[in-house]
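Before any comments, here is the structure.
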Amino acid sequence: MAKIIDEIKAKAKQFKKHIVLPDAMDERAIQAARIVIDEQIAQISLIGNEEAIRVKAQQIGVGLEKIHIIDPDKAEKLSDFSHIFFNLRKSKGIQFEQAQQTMKHPLFFGAMMVREGMADGSIAGSLSTTGDVIRAGIQIVGMPEGITVVSSFFLMVFPHTIYSFADCGVVPDPTAEQLADIAISTAENHRKLTGEEPRVAMLSFSTKGSASHPSVEKVQKATSIAKQKKPDLIIDGELQLDAAIVPSVCAKKAPGSPVAGTANVLVFPDLNAGNIGYKLTQRLAGAEAYGPIIQGLKKPCYDLSRGCSVNDIVTMVAINSVVGAV
């Protein structure tokens, strides 16, 4: 199961990306930074009060050699960043003083470093809320042209196969347009991380009109939109799970499907299904679940679970590096 993560870390070592960790007062972030530097996975900057970070590191016995520390309050770029953020948000009624205070927050300062090319990606969430992580990403980094929603996916790793599940962590009830963009983003990231050709199944309780319901129609419409946006994408829907991943079932329920029961990207119709689906797969089928991995931003700004481990942060640094580089 660990092979794909080892491969992702090996790729990250080649790219030598610069990742910022704004939740730098969390001892897990400091420990993860030490491992990332020692294993040469990426360059790391801890964002926050320098004195407090150094005290925390000393308390937990972690050396900070080759780890950058950036204190927003003392940073040379604080004024520049404050003006940039003010110009980005002044149409929303923000005052310059508010912009300056926002830029002193490590989460927003780190996101601005990513926007301005001073860092390649950001990872937070062990202390910050998901809402704040995503808000900083949307307001500062922004979304690429053609993508309408920030979402997430999980890399679900089995001994002999890998799936990407989406969206399992962000959008409660996506519209058809958002569901299409979730499929497109997940397919692209699956390719980047695994090297596989993505084969996307738009999941439902219906296969090819076997049931009629507004939620089924949403998935059908989303599939159509995704095909129009990405004509070369291997995608089909609506499909029940068995038709998506079992070739013999697909041959009976959806003959001629381009996915042909070999889907490796599973797009759930809503957050209820996605969240339940990934946890069932993790807890009952024994898959390793890596995520949620935030997608839909111009550059990778990732969220962590509050209960994440040091190793989780290290792995997400590697994933962030690869997604941002490929």
Side-chain angles (χ1 to χ4, degrees), residues 1-48 50 53-70 106-107 110-111 113-114 117-128 133 153-159 162 164 189-196 287-295 299-326:
M1 288 188 184
K3 183 181 178 183
I4 182 63
I5 301 304
D6 289 342
E7 291 173 355
I8 290 170
K9 287 180 179 179
K11 289 180 183 178
K13 290 177 183 180
Q14 295 176 352
F15 296 133
K16 303 185 187 303
K17 293 297 182 179
H18 178 197
I19 309 301
V20 297
L21 301 180
D23 286 342
M25 283 306 298
D26 189 325
E27 63 182 51
R28 292 169 294 178
I30 297 172
Q31 291 167 336
R34 181 74 269 152
I35 293 170
V36 169
I37 293 299
D38 289 346
E39 296 186 4
Q40 300 182 342
I41 295 170
Q43 300 175 54
I44 292 291
S45 286
L46 297 172
I47 313 296
E50 181 171 1
I53 292 170
R54 291 192 181 280
V55 169
K56 174 68 74 171
Q58 187 175 30
Q59 288 174 345
I60 61 175
V62 175
L64 295 173
E65 299 81 11
K66 297 184 179 180
I67 297 172
H68 306 289
I69 300 176
I70 299 174
L107 190 59
M113 287 182 64
V114 175
M118 296 173 61
D120 299 295
S122 173
I123 299 173
S126 59
L127 295 180
S128 302
V133 172
F153 72 102
F154 276 82
L155 206 61
M156 305 298 295
V157 181
F158 290 90
I162 304 164
S164 289
N189 286 322
H190 185 87
R191 187 197 306 273
K192 288 179 178 180
L193 289 174
T194 69
E196 297 177 342
E288 290 288 334
Y290 297 97
I293 302 168
I294 300 297
Q295 58 185 2
K299 296 180 180 180
C301 293
Y302 287 176
D303 182 40
L304 295 162
S305 165
R306 294 290 187 94
C308 66
S309 67
V310 172
N311 190 57
D312 290 336
I313 300 175
V314 173
T315 298
M316 292 298 278
V317 168
I319 291 173
N320 190 300
S321 297
V322 172
V323 167
V326 179

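Model, not experiment: these values are computed from the prediction. Each residue takes its place number in the sequence, starting with 1.
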- side chain to side chain donor-acceptor pair (under 3.5 Å) partners of S305, counting only residues at least two apart: none
- Note on the structure: So OG of S122 and CD1 of I294: to nearest 0.5 Å the spacing works out to 11.5 Å
- Task: Grab the two heavy atoms, one from A42 and one from K17, that are nearest each other, plus how far apart they are.
- Result: CB-O, 3.2 Å
- Query: Does a side-chain heavy-atom distance below 4.5 Å link I5 with Y290?
  - Reply: yes
- Item | Value rounded to 0.5 Å, distance of CD1 in I319 from CG in L193 | 6.0 Å
- Query: Are any non-hydrogen side-chain atoms of L46 and H68 less than 4.5 angstrom apart?
  - Reply: no
- Closest non-hydrogen atom pair, M316 against D303: CE-O, 4.0 Å
- Item | Expected output: side-chain S128 to main-chain A124 donor-acceptor under 3.5 Å | no
- Message: Looking at H18, is its backbone amide N or carbonyl O close enough to the side chain of D120 to form a donor-acceptor pair, meaning the two atoms are under 3.5 Å apart?
- Response: yes
- Item | Reported OG-to-CD distance for the pair S321 and Q43, which is rounded to 0.5 angstrom | 10.0 Å
- Report the C-alpha separation of I41 and K16 in whole Å, then their side-chain angles, then the decisive distance to 0.1 Å, and conclude whether the side-chain contact (heavy atoms from CB on, under 4.5 Å) test is met. CA-CA 7 Å; I41 295 170; K16 303 185 187 303; over 6 Å; no
- Query: With no hydrogens and no angle check, do the side chains of H190 and S164 hold a donor and an acceptor under 3.5 Å apart?
  - Reply: yes
- Considering all heavy atoms, the nearest K192-V323 contact: NZ-O, 3.2 Å
- Rounded to the nearest 0.5 Å, how far apart are CG of L21 and CG of D23? 8.5 Å
- Task: Only counting residues at least two apart or in another chain, list the ones meeting side chain to side chain donor-acceptor pair (under 3.5 Å) with Q58.
- Result: none
- Take M113 and I70, measure what side-chain contact (heavy atoms from CB on, under 4.5 Å) needs, and give me the verdict at the end. CA-CA 11 Å; M113 287 182 64; I70 299 174; 3.4 Å; yes
- Message: If you define the side chain from C-beta out and look only at heavy atoms, does anything of L155 sit under 4.5 Å from I8?
- Response: yes
- Message: Using the rule side chain to side chain contact (heavy atoms under 4.5 Å, CB included), only one of I69, I67, V20 pairs with S45; which is it?
- Response: V20
- Check A287 against F158 and note the closest heavy-atom contact, atom names and distance. CB-CZ, 3.6 Å
- Nearest heavy-atom approach of E27 to K56 is CB-CD, 4.4 Å
- Item | Main-chain N/O of V114 paired to K299 side chain as donor or acceptor, under 3.5 Å | yes
- Message: Restricting to non-hydrogen atoms, name the atom on D26 and the atom on S126 that form the minimum distance, rounded to 0.1 Å.
- Response: OD2-OG, 3.0 Å
- For atom CD of Q40, is the number of surrounding heavy atoms from other residues, nucleotides or ligands below 6.0 Å larger than 12? no
- Query: How many angstroms lie between atom NZ of K66 and atom CG of D38, to the nearest 0.5 angstrom?
  - Reply: 8.5 Å
- May I ask you to decide whether K11 forms a salt bridge with E7, counting only side-chain N to carboxylate O separations under 4.0 Å? no
- Could you walk me through whether I162 and M156 pass side-chain contact (heavy atoms from CB on, under 4.5 Å), step by step? CA-CA 6 Å; I162 304 164; M156 305 298 295; over 6 Å; no
- Apply side-chain contact (heavy atoms from CB on, under 4.5 Å) to R28 and C308, showing your working. CA-CA 8 Å; R28 292 169 294 178; C308 66; 3.9 Å; yes
- Message: Any non-hydrogen side-chain atom of I293 less than 4.5 Å from a side-chain atom of N189?
- Response: no
- Query: Out of curiosity, I30 CD1 to I313 CD1, how far, rounded to the nearest 0.5 Å?
  - Reply: 10.0 Å
- Query: With sequence neighbours left out, what residues match E65 under side chain to side chain donor-acceptor pair (under 3.5 Å)?
  - Reply: R34
- Message: When you compare the side chains of T315 and D312, does any donor N or O come within less than 3.5 Å of an acceptor on the partner?
- Response: no
